[in-house]
**Student:** 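Shown below is the structure under consideration.
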Amino acid sequence: MRTSQYLLSTLKETPASAEVISHQLMLRAGLVRNVASGLYTWLPTGLKVLRKVEQIVREEMEKAGAIEVLMPMVQPADLWEESGRWEDYGPELLRLNDRHNRSFVLGPTHEEVITKLIANEISSYKQLPVNLFQIQTKFRDEIRPRFGVMRGREFLMKDAYSFHLDETCLKTTYQNMYNAYCRIFERLGLDYRPVIADTGSIGGDASHEFHVLADSGEDDIAFSDQSDFAANIEKAEALAPKGTRPSATQELTQVATPNVKTIEEVATFLSVDAQQTVKTLLVQGANENTPVIALVLRGDHQLNEIKAENLSEVASPLTFATDEQIQTTANCNAGSIGPVNLPIPVIVDRSAAHLADFICGANVHDTHFSGVNWDRDIQNYQVADIRNVVEGDPSPCGQGNIVIKRGIEVGHIFQLGEKYAQAMNCGVLTETGKNQTLTMGCYGIGVSRIVAAAIEQNHDKYGIKWPSAIAPFQAAIVPMNMAKSARVKETAEQLYAQLQRAGVDVIFDDRKERPGVMFADHELIGTPFLLIIGERNLDTQEIEVKNRITGEKSLMKIDQVMSLFQ
RNA sequence: CGGUGAUUAGCGCAGCUUGGUAGCGCACUUGGUUUGGGUCCAAGGGGUCGCAAGUUCGAAUCUUGCAUCACCGACCA
């Protein structure tokens with residue numbers, strides 16, 4: 001590719017609309033352009049990267065035995081009514097009508113279509129298991145698209161669906177996909193982690209997310225510092241503190257705490273550590289008999305909403321009590337609630353339950369209790385894990401302590417079970433001639449998101465530093481003052497032809513630009529090797545090679561250049 | 001959906017308070033200059049100031065409504 005015949009489209013200035021670094025660099029390097037909120041055009045350079053990611057994903061899926069299909073982006077509403085998701089999915093599902101006023105949706109995912117396909121095409125257990133995948137554009141009408149292609153409304157996704165007679169078989173394929181995903185992210189050259197995940201609205205049993213580690217990630221991932229354990233913080237178990245609870249040594253005492261509401265204020269006012277206080281949150285209960293439930297946490301801990309709403313007593317989705325409910329149940333405002341004599345069910349976090357002589361609200365305006373002790377002062381309560389783990393907690397795997405890092409979710413694998421197969425009547429005849437509903441797995445990878453995630457993880461002040469497997473070009477030929485030097489021009493042309501013949505993805509910067517402009521552009525775009533050809537080194541038949549990742553410059557004989565790409 | 005802010009040339013911005021012929025930098029075009037890290041000089045092209053209505057002799061500027069975009073939050077895979 002010659003730059004003179006190519007659409008480079010680099011920008012010197014950062015567009016104001018871009019917030020995160022990957023979005024800024026994708027605009028500046030000429031990878032994408034915004035069309036509307038959450039919708040992007042992929043420019044040639046961006047598309048080359050996207051295709052390389054896609055190809056690695058495709059190859060590894062095929063190696064793992066999955067078969068590629070392509071399903072339509074527009075899907076009939078009937079299918080969604082059949083699965084029940086026409087009602088369940090909500091406004092993220094973009095619905096539209098055709099000229100005959102028939103209803104359709106833009107596919108945010110393809111469970112319905114694939115399950116229908118399998119229901120029609122497969123009728124015998126002998127044809128199982130089967131694992132089909134596609135790489136297709138999805139549309140989700142996100143409430144708030146942001147961060148460029150990281151959370152766009154339209155995005156490219158690899159989605160795979162496997163069908164099985166029984167759970168054992170599903171688990172085998174699930175593990176197979178888990179391994180394939182690890183190979184994919186290794187080949188992509190990204191620092192990633194598989195993490196235990198919440199199954200969320202899709203439901204099912206086991207689930208893993210694959211995260212690319214980057215400070216700008218939207219998810220918190222909890223790791224063990226001594227084992228492979230990693231879990232989304234939503235799902236990371238906070239173990240009960242070891243040992244028995246200390247005995248009570250203090251009397252229950254009521255303290256006036258005028259205008260003291262937050263935990264910080266309480267701790268400061270009473271000169272104690274926040275760890276010695278508890279906070280009491282009132283949330284909506286799951287049924288009418290117990291409209292309000294109290295959740296009690298140690299003062300320095302945060303509520304884990306996923307864990308809380310998974311409790312049978314708590315309404316899902318988790319909803320905090322209204323101000324009126326707080327007044328009527330606790331008789332005070334939110335800053336003074338406590339579990340002592342609270343006439344509603346009380347659920348206490350494991351760590352809070354381990355405290356003795358602690359401080360909590362007294363259910364009287366501007367008043368707290370000190371010297372509070374479980375069982376002596378509060379009899380009716382149950383203990384559960386309802387907090388987020390924090391750094392330094394013992395890892396639930398039993399080895400090491402928790403470390404927390406940010407991650408970008410780029411893959412997610414689920415064991416779906418029978419949900420869709422049942423709804424869409426997808427079954428086969430078994431060996432004994434009985435009809436049996438199939439059990440399913442589904443496996444997603446955000447292909448376009450990977451491009452952004454790779455940049456988040458690999459950049460410097462000059463631009464993108466692509467892992468070589470997904471760099472848009474493997475090398476750039478940068479001739480110095482080619483217009484004046486026939487020798488430089490000839491050498492550049494020869495090297496270009498040679499690299500092209502060898503199948504190296506090379507871009508030849510044949511613009512009549514100053515060297516600084518060319519260097520800056522190729523460093524912004526992130527090409528791994530700059531092959532700099534100048535009069536300076538031609539007498540010795542050498543060119544300069546600059547490594548984008550390490551920044552190292554070295555001289556190399558021209559006839560040795562091919563060795564960089566073997 | 002709630003809060004906040006923005007919308008003036010392809011991009012980044014000024015001008016608005018105090019209404020009076022629309023500007024700057026980058027990019028683009030032409031000529032010259034320079035040529036191993038975003039040269040310098042000169043000349044040029046490009047804008048119904050987001051849309052609509054109102055006030056006014058006169059609106060980018062004041063008023064109202066709408067739209068779009070972004071950020072924070074809630075929501076969500």
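Residue numbers begin at 1 in each chain, while the letters A, B, ... track the order of the sequences.
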**Student:** With a 3.5 Å cut-off and no angle check, do the side chains of A:T14 and A:Q24 form a donor-acceptor pair?
**Tutor:** no
**Student:** Just call it for A:E535: base, sugar-phosphate, or nothing, with non-hydrogen atoms closer than 4.0 Å on any strand.
**Tutor:** nothing
**Student:** Of the options B:C76, B:C72, B:G36, whose atoms approach the side-chain atoms of A:E142 most closely?
**Tutor:** B:C76
**Student:** Checking base pairs now: Watson-Crick or wobble, both atom distances under 3.5 Å. What partners B:C76?
**Tutor:**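 When the pairing criteria are applied, nothing turns out to pair with B:C76, so the answer is none.
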**Student:** What's the CD-C1' distance between A:E13 and B:C26, to the nearest Å?
**Tutor:** 5 Å
**Student:** Do A:R95's NZ or CZ and the ring of A:W86 fall within the cation-pi criteria of under 6.0 Å and 45°?
**Tutor:**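 Yes.
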**Student:** Tell me which nucleotide, if any, is Watson-Crick or G-U wobble paired with B:G45 when both distances must be under 3.5 Å.
**Tutor:**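 Because no pair has both required distances under 3.5 Å, B:G45 counts as unpaired.
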**Student:** Tell me: CZ of A:R511 to P of B:G37, nearest whole Å?
**Tutor:**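 Those two atoms, CZ and P, are 16 Å apart.
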**Student:** Give a yes or no on whether the ring-centroid distance for A:F473 and A:Y6 is below 6.0 angstrom.
**Tutor:**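 Yes - the distance between ring centres of A:F473 and A:Y6 falls below the 6.0 Å cut-off.
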**Student:** Which one, B:G38, B:C69, B:C76, comes nearest to the side chain of A:A36?
**Tutor:**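 So the nucleotide nearest the side chain must be B:C69.
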**Student:** Between B:G23 and B:C69, how many Å separate the two P atoms, rounded to a whole number?
**Tutor:** 31 Å
**Student:** Taking the C1' atom in each of B:C28 and B:G45, what is the distance between them to the nearest angstrom?
**Tutor:**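 8 Å, rounded to whole Å.
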**Student:** Tell me: CD of A:E513 to P of B:G36, nearest whole Å?
**Tutor:**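 So the CD-P distance, A:E513 to B:G36, works out to 14 Å.
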**Student:** Expressed in whole Å, how much space separates the P atoms belonging to B:G15 and B:G37?
**Tutor:**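 Result for the P pair: 38 Å, nearest Å.
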**Student:** B:C72 phosphate, OP1 or OP2: any side-chain N/O from A:R144 under 4.0 angstrom?
**Tutor:**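 Result: yes.
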**Student:** Can you check the A:L7 CG to B:A27 C1' distance for me, whole Å?
**Tutor:**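 Between C1' of B:A27 and CG of A:L7: 14 Å.
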**Student:** Please classify the nucleic acid contact of A:K546 as base, sugar-phosphate, or nothing, using heavy-atom distances under 4.0 Å.
**Tutor:**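 Touches a base.
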**Student:** Taking pairing as Watson-Crick or G-U wobble with both contacts under 3.5 Å, can you name the mate of B:C16, or confirm there isn't one?
**Tutor:** none
**Student:** Name the pairing partner of B:A22, where a pair is Watson-Crick or G-U wobble with both distances under 3.5 Å, or state none.
**Tutor:** none
**Student:** For B:A60 and B:U48, measure between their P atoms and round to the nearest Å.
**Tutor:** 13 Å
**Student:** Looking at the side chain of A:E92, which of B:G37, B:G25, B:C76 is the nearest nucleotide?
**Tutor:**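 That would be B:C76.
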**Student:** Counting Watson-Crick and G-U wobble pairs only, both distances under 3.5 Å, name the nucleotide matched with B:A67, or none.
**Tutor:**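 Because both required distances fall under 3.5 Å, B:A67 counts as paired with B:U7.
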**Student:** With rounding to whole Å, what would you report as the distance between B:C24 and B:G47 at their P atoms?
**Tutor:** 15 Å
**Student:** Is a side-chain donor-acceptor pair under 3.5 Å present for A:E264 with A:T262?
**Tutor:** no
**Student:** Between A:R514 and B:U39, is there a contact of a side-chain N or O with OP1 or OP2 at under 4.0 Å?
**Tutor:** yes
**Student:** Between B:C13 and B:A6, how far apart are the two P atoms, rounded to whole Å?
**Tutor:** 12 Å
**Student:** Does B:G38 have OP1 or OP2 under 4.0 Å away from a side-chain N or O of A:K12?
**Tutor:** no
**Student:** State which of B:G36, B:C71, B:G12 makes the closest approach to the side chain of A:A16.
**Tutor:** B:G12
**Student:** Mind calculating the distance between CE (A:M518) and C1' (B:G36) to the nearest angstrom?
**Tutor:** 9 Å
**Student:** At under 4.0 Å between heavy atoms, what does A:N537 touch on the DNA or RNA strands: base, sugar-phosphate, or nothing?
**Tutor:** base
**Student:** For the NZ atom of A:K461 and the CD1 atom of A:I21, what is their distance to the nearest 0.5 Å?
**Tutor:** 13.0 Å
**Student:** Over all strands shown, is A:R146 touching base, sugar-phosphate only, or nothing at heavy-atom distances under 4.0 angstrom?
**Tutor:** base
**Student:** Tell me whether the side-chain N/O atoms of A:S37 come closer than 4.0 Å to OP1 or OP2 in B:U68.
**Tutor:**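 For B:U68, neither OP1 nor OP2 has a side-chain N or O of A:S37 closer than 4.0 Å.
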**Student:** With a 3.5 Å limit on both atom pairs, tell me what B:U34 is paired to, counting Watson-Crick and G-U wobble, or say none.
**Tutor:** none
**Student:** With heavy atoms under 4.0 Å as the rule, sort A:R33 into base, sugar-phosphate or nothing.
**Tutor:**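 The residue A:R33 makes no contact with any strand.
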**Student:** Report yes or no: do A:T439 and A:E167 form a side-chain donor-acceptor pair below 3.5 Å?
**Tutor:** no
**Student:** Look at all strands and tell whether A:D159 reaches a base, only sugar-phosphate, or nothing, counting heavy atoms closer than 4.0 Å.
**Tutor:** nothing
**Student:** Does a distance-only test, which skips hydrogens and angles, find a donor-acceptor pair under 3.5 Å between the side chain of A:K553 and the base of B:G36?
**Tutor:**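 No such pair is found, so the answer is no.
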**Student:** Rounded off to whole Å, could you give me the CG-to-P distance for the A:N34 and B:C11 pair?
**Tutor:** 11 Å
**Student:** Quick one: are the ring centres of A:H211 and A:Y192 less than 6.0 Å apart?
**Tutor:** no
**Student:** Between A:M480 and A:N232, who's closer to the 5' end of RNA chain B by nearest nucleotide?
**Tutor:** A:M480
**Student:** Mind checking who B:U56 pairs with, Watson-Crick or G-U wobble, both distances under 3.5 Å?
**Tutor:**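 Matched B:U56 with nothing under the 3.5 Å cut-off.
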**Student:** Less than 6.0 angstrom separating the ring centers of A:Y178 and A:F210, yes or no?
**Tutor:** yes
**Student:** What does B:A27 pair with, Watson-Crick or G-U, if both distances are under 3.5 Å?
**Tutor:** none
**Student:** Just the rounded figure in Å: distance from P of B:C75 to CZ of A:R153.
**Tutor:** 21 Å
**Student:** With P as the reference atom in both, quote the distance from B:U34 to B:U17 in angstrom, rounded to an integer.
**Tutor:** 49 Å
**Student:** Pick the closest RNA chain B nucleotide for A:A520 and for A:T14 by heavy atoms, then say which residue is nearer the 5' end.
**Tutor:**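 Of the two residues, A:T14 wins.
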**Student:** Answer whether the closest heavy-atom distance between the side chains of A:N547 and A:F529 falls below 4.5 Å.
**Tutor:** yes
**Student:** Using the C1' atom as the reference point in each nucleotide, state the distance between B:U56 and B:C62 in Å, no decimals.
**Tutor:** 10 Å
**Student:** Between B:U39, B:U35, B:C1, which one does the side chain of A:I143 approach most closely?
**Tutor:**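 Nucleotide nearest to A:I143's side chain: B:C1.
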**Student:** Could you give the CG-to-P distance, from A:N481 to B:U39, as a whole number of Å?
**Tutor:**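 Interatomic distance, CG of A:N481 to P of B:U39: 14 Å.
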